[in-house]
**Student:** 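Supplied in structure tokens, the structure appears directly below.
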Amino acid sequence: VVVEHPPEDRKRVFFGAWVSLEDEDGEQAVYRLVGPDEIDPARGWISIDSPLARALLKHRVGDDVLVRLPAGEKVYHILEVRYAQD
């Protein structure tokens, strides 16, 4: 399904969002939530079906999100959410 318009609440994480995160160690990263056929780790594009993306969905800027990863649990703070049109 092609998403043609960003969601009404652009501070929440939905499909197609670019999400800036900071982990408990102060490390920052930016990810884009894409379809499974579009993943590109070198560009920070992660599958909407990944554990990180599923945990981020519907959260908003300022939220802390607990993510259950294969290596264990990790907490991320959402710094920014943006969409291609922003």
Side-chain angles (χ1 to χ4, degrees):
V1 175
V2 176
V3 178
E4 295 182 17
H5 304 286
E8 282 187 34
D9 186 352
R10 293 184 183 187
K11 293 186 188 274
R12 282 191 186 271
V13 179
F14 295 104
F15 182 84
W18 289 95
V19 185
S20 298
L21 303 172
E22 184 173 43
D23 70 13
E24 300 151 310
D25 300 322
E27 296 287 324
Q28 293 186 9
V30 178
Y31 299 102
R32 183 174 186 207
L33 281 57
V34 298
D37 58 330
E38 300 175 287
I39 61 171
D40 186 345
R43 295 170 68 183
W45 292 19
I46 62 171
S47 171
I48 193 76
D49 298 323
S50 70
L52 177 57
R54 286 194 319 261
L56 292 171
L57 283 174
K58 298 185 182 177
H59 283 87
R60 65 177 56 238
V61 172
D63 285 353
D64 289 324
V65 179
L66 175 66
V67 182
R68 289 179 174 83
L69 300 167
E73 293 182 341
K74 197 163 191 175
V75 175
Y76 289 95
H77 182 74
I78 301 175
L79 301 172
E80 179 184 27
V81 176
R82 63 184 172 84
Y83 292 87
Q85 294 85 356
D86 289 351

**Student:** Please give the remaining members of the hydrophobic cluster of W45, linking ILVMFWY side chains under 4.5 Å, ordered by chain and number.
**Tutor:** W18, V30, V34, I39

**Student:** Can you list every side-chain hydrogen bond (donor to acceptor under 3.5 Å, both in side chains) pair that touches residues 46-65, not counting sequence neighbours?
**Tutor:** D9-R60, D64-H77

**Student:** What residues form a salt bridge (Lys or Arg N to Asp or Glu O under 4.0 Å) with E27, not counting sequence neighbours?
**Tutor:**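 Partners of E27 under the salt bridge (Lys or Arg N to Asp or Glu O under 4.0 Å) test: none.
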
**Student:** Is there a path of hydrophobic side-chain contacts, each under 4.5 Å between heavy atoms of I/L/V/M/F/W/Y residues, joining I78 to L57?
**Tutor:**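 They do share one cluster, since a chain of ILVMFWY contacts under 4.5 Å joins L57 to I78.
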
**Student:** Between L21 and L56, is the side chain to side chain contact (heavy atoms under 4.5 Å, CB included) condition met? List the steps.
**Tutor:** CA-CA 10 Å; L21 303 172; L56 292 171; 3.8 Å; yes

**Student:** Nearest heavy-atom pair of A53 and I48: which atoms, and what distance?
**Tutor:** CB-O, 3.6 Å

**Student:** Roughly how far, to the nearest 0.5 Å, is NZ of K11 from CZ of R82?
**Tutor:**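 It is 14.0 Å, given to the nearest 0.5 Å.
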
**Student:** Which residues pass the side chain to side chain donor-acceptor pair (under 3.5 Å) test with E73, not counting sequence neighbours?
**Tutor:** R68

**Student:** Nearest 0.5 Å, what's the CG-CD1 distance between L52 and I46?
**Tutor:**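 CD1 of I46 is found 4.0 Å from CG of L52.
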
**Student:** Is L69 reachable from V75 through a run of hydrophobic residues whose side-chain heavy atoms are each under 4.5 Å from the next?
**Tutor:** no

**Student:** Distance-only, no hydrogens or angles: does the Y83 side chain make a donor-acceptor pair with backbone N or O of F14 under 3.5 Å?
**Tutor:**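 Side chain of Y83 to backbone of F14: a pair is present.
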
**Student:** For V81 and R12, which heavy atoms make the closest approach, and how far apart are they?
**Tutor:**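 Where V81 meets R12 most closely, the heavy atoms are CG1-O, 3.4 Å.
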
**Student:** Using the test salt bridge (Lys or Arg N to Asp or Glu O under 4.0 Å), find all partners of D23 that sit at least two apart in sequence or belong to another chain.
**Tutor:**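 D23 satisfies salt bridge (Lys or Arg N to Asp or Glu O under 4.0 Å) with K74 only.
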
**Student:** Tell me, please, which residues at least two apart from A29 pass side-chain contact (heavy atoms from CB on, under 4.5 Å).
**Tutor:** Y31

